[in-house]
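Note sheet for the following structure.
Positions are given from 1, in the same order as the sequence printed here. The figures here come from the full heavy-atom set of this structure, side chains too, leaving out hydrogens, waters and symmetry mates.
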Amino acid sequence: MDYSDVSTIAAWITEQGLKGASEAELMTGFCSACRDAGLPLDRGLALMDTLHPVHEGRAFRWDSVEEVQTEFEYGPTISGEAASNWQRSAFFHLWSRNEREIRRRLGFGDPIDFSMLDTIAEAGHTDFVAMVHRFSEAGTIGEMDCFFSHFATKHPEGFSDHDLSILRKLVPVLGLAIKCIALGRIARTIAEVYLGEDAARQVMEGKISRGKSERISAALWFSDLLNYTKISDSVPPEEIIPLLNDYSEAVITAVHESGGNVLKLIGDGVLAIFKGEVPAETCRAALSAESLLREKLTTLNAARAADGRATTDVYIGLHIGDVFYGNIGSQDRLDFTVIGPAVNEVSRIASMCRSVDLNLLISSDFAAAIPEQQRTALACVGRYALRGVQRAQELYTLDSARLNG
């Protein structure tokens, strides 16, 4: 492999990075191109931390024998077996000692002193090199502060000085391309986590102008925790966040699994929408989410009660109507949400649950949108004037709805 190949491979990496190739595709293409050009690569691994509420980072492995690409996400490495494995790795050695590169000539008597080296040596690899390319403070996001990589060969003579020189020139280009793709992934993750999947998709598609919105018809969901204020005053402060997390997890997963989108977490409250062209289908999805939530709450409350922790219920208001869906706010602080009288109405309906001692109330518009054969499952609980809503309306619940308390 000569230096003219370096330019060719670097140009390919750059082009693929600009096109948006995945990290695994970049890693596989890079290793295969180097091998085809004469660099004796038999194994490669790239690893980079990320910014994600669950995963600490992502890794990408290539093997010349298996001829498959492997990508995987890994969780926190701060405790337990994961921490032990990390601290025995060549990457931790580089990171903790502020070094840039470490090499082990496995076939020539060098020590097998890092995790995975025994497996790599047993597979017939004779030489191993690990590298780290650190980011400056301006280039760091969360824990994503460097790019780790390692490479191994089965060549009888290991890597030559020329081989290592080639890798040192090309790996930073690979790291930059992978970082570029990772940043896009992080942006999408942050948008989805904080805005919701559908709103995030629209923002990432460029719908970020203030006042840009669309009028949609949607089934609306607003839910709150029963007796949250009383519970928060009676449990230790350190228990409040876990309680909110447990019940928010149940509500949000039920909505998402039923095809809805959570738009707002307002203290212990959740605002969600179910979009669709057919009102009966969006209402059916919202009712499905309510049913799924009740199943999740049964399991959750049993687990919390067994641990001697506070339990509660979720009361829900369901409505359907036209809303404006889009950006609202100032020039430099926008919120992607829904507004309109229907949003205020569903909030007031949810609040009425406490007054009538029911965990579900459904508006008359929502009831009217349900297929006629399904309306027999509804029971009218009376006609009510809702605060801030001009017209009084009949509210419904399910015949099987449980009383709170």
- Task: Quickly, which of R61, R58, K179 forms a salt bridge (Lys or Arg N to Asp or Glu O under 4.0 Å) with E23? Name it, please.
- Result: R58
- Kindly indicate, with the supporting measurements, whether the criterion side-chain contact (heavy atoms from CB on, under 4.5 Å) is fulfilled by N344 and L386. CA-CA 10 Å; N344 179 57; L386 304 174; over 6 Å; no
- Item | R391 vs E345 side-chain heavy atoms within contact, under 4.5 Å | yes
- Item | Exam field: side chain R383 to backbone A392, donor-acceptor pair closer than 3.5 Å | yes
- Step-by-step side-chain contact (heavy atoms from CB on, under 4.5 Å) determination, L183 to I141: CA-CA 9 Å; L183 288 174; I141 296 182; 3.3 Å; yes
- Task: Search all heavy atoms of E238 against all heavy atoms of P242 and return the closest pair with its distance.
- Result: O-CD, 3.1 Å
- Would you say the side-chain atoms of K275 pair up with the backbone N or O of D198, donor to acceptor, closer than 3.5 Å? no
- Query: Can you tell me if CD on E372 sees more than 12 non-hydrogen neighbours from other groups inside 6.0 Å?
  - Reply: no
- Query: Does a side-chain heavy-atom distance below 4.5 Å link F30 with V171?
  - Reply: yes
- Item | Pair T77-E56, side chain to side chain donor-acceptor pair (under 3.5 Å): steps then yes or no | CA-CA 8 Å; T77 56; E56 184 174 294; 2.8 Å; yes
- Query: Applying the side chain to side chain donor-acceptor pair (under 3.5 Å) test to R104, which of T126, D110, D113 qualifies?
  - Reply: D113
- Candidate pair H150 and F148, rule side-chain contact (heavy atoms from CB on, under 4.5 Å), full reasoning: CA-CA 7 Å; H150 80 221; F148 289 110; over 6 Å; no
- Is there side-chain contact between I316 and R294, with at least one heavy-atom pair below 4.5 Å? yes
- Query: Distance from M48 atom CE to F147 atom CZ, nearest 0.5 Å?
  - Reply: 5.5 Å
- Message: Has R103 got a side-chain atom pairing as donor or acceptor with D127's backbone, closer than 3.5 angstrom?
- Response: no
- Item | W62 side, atom CH2; L26 side, atom CG - distance, nearest 0.5 Å | 15.0 Å
- Pair N245, E249: side-chain N/O donor-acceptor within cut-off below 3.5 Å: no
- Item | Sidechain-backbone polar pair: R304 side chain, A310 backbone, donor-acceptor under 3.5 Å | yes
- Item | Any donor-acceptor N/O pair, Y247 side chain to T312 backbone, under 3.5 Å | yes
- Note on the structure: When every non-hydrogen atom of C283 is compared with those of A219, the smallest separation belongs to N-CB, 4.2 Å
- Item | Exercise: identify the closest heavy-atom pair between A342 and H319 | O-CD2, 3.5 Å
- Between S217 and I320, the two heavy atoms sitting closest are OG-CG1, 4.5 Å
- Note: R201-E197 ion pair, threshold 4.0 Å (strictly below): no
- Task: Evaluate whether atom CD of E143 has more than 12 neighbouring non-hydrogen atoms of other residues, nucleotides or ligands under 6.0 angstrom away.
- Result: no
- Check: F128 ring centroid to F159 ring centroid under 6.0 Å: no
- When rounded to the nearest 0.5 Å, the distance separating OG1 of T28 from CD of E71 is 9.0 Å
- Should we count CD of E205 as having more than 12 external heavy atoms under 6.0 Å? yes
- Message: If you compare all heavy atoms of W221 against all heavy atoms of E290, which two are closest, and at what distance to 0.1 Å?
- Response: CZ3-N, 3.6 Å
- Query: Heavy-atom distance under 4.5 Å between the side chains of L300 and K296, does that happen here?
  - Reply: no
- Has W95 got more than 12 heavy atoms of other residues, nucleotides or ligands less than 6.0 Å from its CH2? no
- Side chain of T397, backbone of L360: donor and acceptor closer than 3.5 Å? yes
- Query: Less than 4.5 Å apart, any side-chain heavy atom of I78 and any of W86?
  - Reply: no
- Quick check: are there more than 12 heavy atoms from other residues, nucleotides or ligands sitting under 6.0 Å from CZ of R105? yes
- Tightest non-hydrogen contact, residues L297 and A250, listed as CD2-CB, 4.4 Å
- Would one find more than 12 heavy atoms of other residues, nucleotides or ligands at under 6.0 Å from atom CD of E81? no
- Message: Within the structure provided, determine whether C31 and F151 are in side-chain contact (heavy-atom separation under 4.5 Å).
- Response: yes
- Just by distance, do the side chain of S32 and the backbone of G29 share a donor-acceptor pair under 3.5 Å? no
- Message: Any heavy-atom pair between the side chains of F222 and I349 that's under 4.5 Å?
- Response: no
- Message: I'd like to know if the side chain of T153 and the backbone of H155 have a donor-acceptor N/O pair within less than 3.5 Å.
- Response: yes
- Task: First locate atom OG1 of T282, then atom CG of L287, and finally report the distance between them rounded to the nearest 0.5 Å.
- Result: 9.5 Å
- Message: Please report the interatomic distance CG(L226) to CD1(I231), rounded to the nearest 0.5 Å.
- Response: 7.0 Å
- Query: Below 4.5 Å, heavy atoms only, C-beta onward: do L106 and L117 meet side chain to side chain?
  - Reply: yes
- Message: Is there a side-chain contact (heavy atoms from CB on, under 4.5 Å) between V270 and V314? Walk through the geometry before answering.
- Response: CA-CA 10 Å; V270 174; V314 176; over 6 Å; no
- Message: Test your reading of the model: is there a side-chain donor-acceptor pair from S288 to the backbone of R284, 3.5 Å cut-off?
- Response: no
- Donor-acceptor contact present, side-chain D268 to main-chain Y228, <3.5 Å: no
- Would D49 and Y74 satisfy side chain to side chain donor-acceptor pair (under 3.5 Å), going step by step from the backbone distance to the final call? CA-CA 9 Å; D49 283 352; Y74 52 90; 2.6 Å; yes
- d(D322 CG, I216 CD1) to nearest 0.5 Å is 9.0 Å
